[in-house]
Amino acid sequence: MADAESLKREAGIAACKYVKNGMKLGLGTGSTVKYTIIEIGRMVDEEGLEITGVPTSEATRVLAESVNIPLVEISQVESLDLTIDGADEFDGDFSLIKGGGGALTREKIVANLSKSMIVVADESKKVDVLGGFKLPIEADPLHSDSVIEEINGFCPGEVRIRASGQKNSSGNQPYITDNGGYIIDCEFGPSITNPTDLEKTISDINGVVEVGLFVGICDAVILASSSGVEILVNPDGRLN
Ligand code: 5RP
């Protein structure tokens with residue numbers, strides 16, 4: 001049976017067949033799309049592929065630069081041909097939870113600018129109902145307490161600020177996003193049957209920067225499992 005890392009690699013590389021000369025590409029963030037980015041770098045170096053990338057995080061910028069992918073800023077593009085990104089969960093309607101890596105805000109901006117979005121994932125990301133993975137929300141640090149209070153009013157589980165994992169004398173420090181925000185992880189459990197409504201409810205809270213629910217954005221999932229790589233095309237999507 002294939003190990004998780006091999007599945008990520010297979011999914012990440014399989015997505016590259018959608019990458020064509022001249023494209024402007026959104027480059028996602030995470031340990032699966034990392035393999036896409038490395039493979040695109042190889043295609044640039046060895047096959048003369050000409051593309052321009054827009055990174056969704058500083059980590060992705062560093063990786064893409066290290067493999068010689070030409071980059072521009074989000075602010076320099078009006079639209080993108082394709083975004084390839086990972087996901088923490090996807091359901092049968094191609095709705096996603098994203099933000100495990102804390103990059104959800106730029107990931108959503110870039111995906112929304114794109115003519116299509118492909119998710120690369122291993123089989124652990126496929127769920128019947130979203131919410132087993134804690135839903136990440138980016139919030140303005142000055143409003144994080146009031147955001148948590150409001151979400152506690154309807155989230156059945158724990159709602160807490162993500163820690164950086166770096167301990168200093170004053171204890172765990174909050175994780176800070178590339179935009180200077182906090183991430184609030186919300187334990188809904190696998191109960192998110194209406195991600196559209198939940199996304200709107202949370203987005204309307206004062207101090208919320210972005211919600212890690214991506215609804216109506218994903219056109220296909222490239223899914224690697226122990227039985228091989230499968231391309232799941234969203235029947236309502238733009239690649240159909
Ligand atoms: C980062 C994300 C990632 O795409 C998501 O966390 C999946 O990452 P990985 O491929 O490492 O499991 O949303 O903000």
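As a basis for the values below, the full set of heavy atoms in this structure was taken, side chains included, without hydrogen atoms, waters or symmetry mates. Just follow the structure's listing: the first ligand is 1, and inside any ligand the first atom is 1. Along the sequence shown, residues carry numbers from 1. Quantities reported herein were computed from a predicted structural model and do not represent experimental measurements.
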Closest non-hydrogen protein atom to [atom], residue and atom name please, with distance?
{"atom": "atom 12 (O) of ligand 1", "answer": "K125 NZ, 2.7 Å"}
{"atom": "atom 8 (O) of ligand 1", "answer": "G30 CA, 4.0 Å"}
{"atom": "atom 3 (C) of ligand 1", "answer": "T29 O, 3.1 Å"}
{"atom": "atom 9 (P) of ligand 1", "answer": "S31 OG, 3.4 Å"}
{"atom": "atom 10 (O) of ligand 1", "answer": "T32 OG1, 2.6 Å"}

Against heavy atoms of [X], which atoms of ligand 1 measure under 4.0 Å?
{"X": "G99", "value": "2 (C), 13 (O), 14 (O)"}
{"X": "D85", "value": "4 (O)"}
{"X": "G102", "value": "14 (O)"}
{"X": "E107", "value": "1 (C), 2 (C), 4 (O), 13 (O), 14 (O)"}
{"X": "G86", "value": "4 (O)"}

Can you check whether A103 has an N/O within less than 3.5 Å of an N/O in ligand 1? yes
Purely on distance, is any nitrogen or oxygen of V33 under 3.5 Å from one on ligand 1? no
Any non-hydrogen side-chain atom of L96 less than 4.5 Å from a side-chain atom of E107? no
Taking every non-hydrogen atom, the tightest pair across E73 and R61: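 Of all heavy-atom pairs spanning E73 and R61, the closest is OE2-NH1, 3.3 Å.
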Inspect the surroundings of CD in E78 and state if more than 12 heavy atoms from other residues, nucleotides or ligands are less than 6.0 Å away.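 Counting neighbours around CD of E78, 12 or fewer heavy atoms of other residues, nucleotides or ligands fall under 6.0 Å, so no.
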Charged N-O contact under 4.0 Å between E39 and R9: no
Salt-bridge criterion met for D81 and K115 (N-O under 4.0 Å):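 So D81 pairs with K115 through a salt bridge.
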Tell me which one of L135, N194, V215, I192 satisfies side-chain contact (heavy atoms from CB on, under 4.5 Å) with E199. V215
Is there a path of hydrophobic side-chain contacts, each under 4.5 Å between heavy atoms of I, L, V, M, F, W or Y residues, that connects I205 with L198? yes
After noting the C-alpha distance and the side-chain angles of R162 and E138, does the key distance pass the salt bridge (charged side-chain N to carboxylate O under 4.0 Å, His left out) rule? CA-CA 10 Å; R162 188 179 298 178; E138 180 160 359; over 6 Å; no
Can you check side chain to side chain donor-acceptor pair (under 3.5 Å) on S124 and D122, steps first, answer last? CA-CA 6 Å; S124 68; D122 63 81; 2.5 Å; yes
With a heavy-atom distance limit of 4.0 Å, tell me whether A87 approaches ligand 1 through its side chain, its backbone, both, or neither.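 Only the backbone of A87 comes within reach of ligand 1.
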If you take the nearest heavy atom of each of D88, V120, L104, which one is closest to atom 6 (O) of ligand 1?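 Nearest heavy atom to atom 6 (O) of ligand 1 lies in D88.
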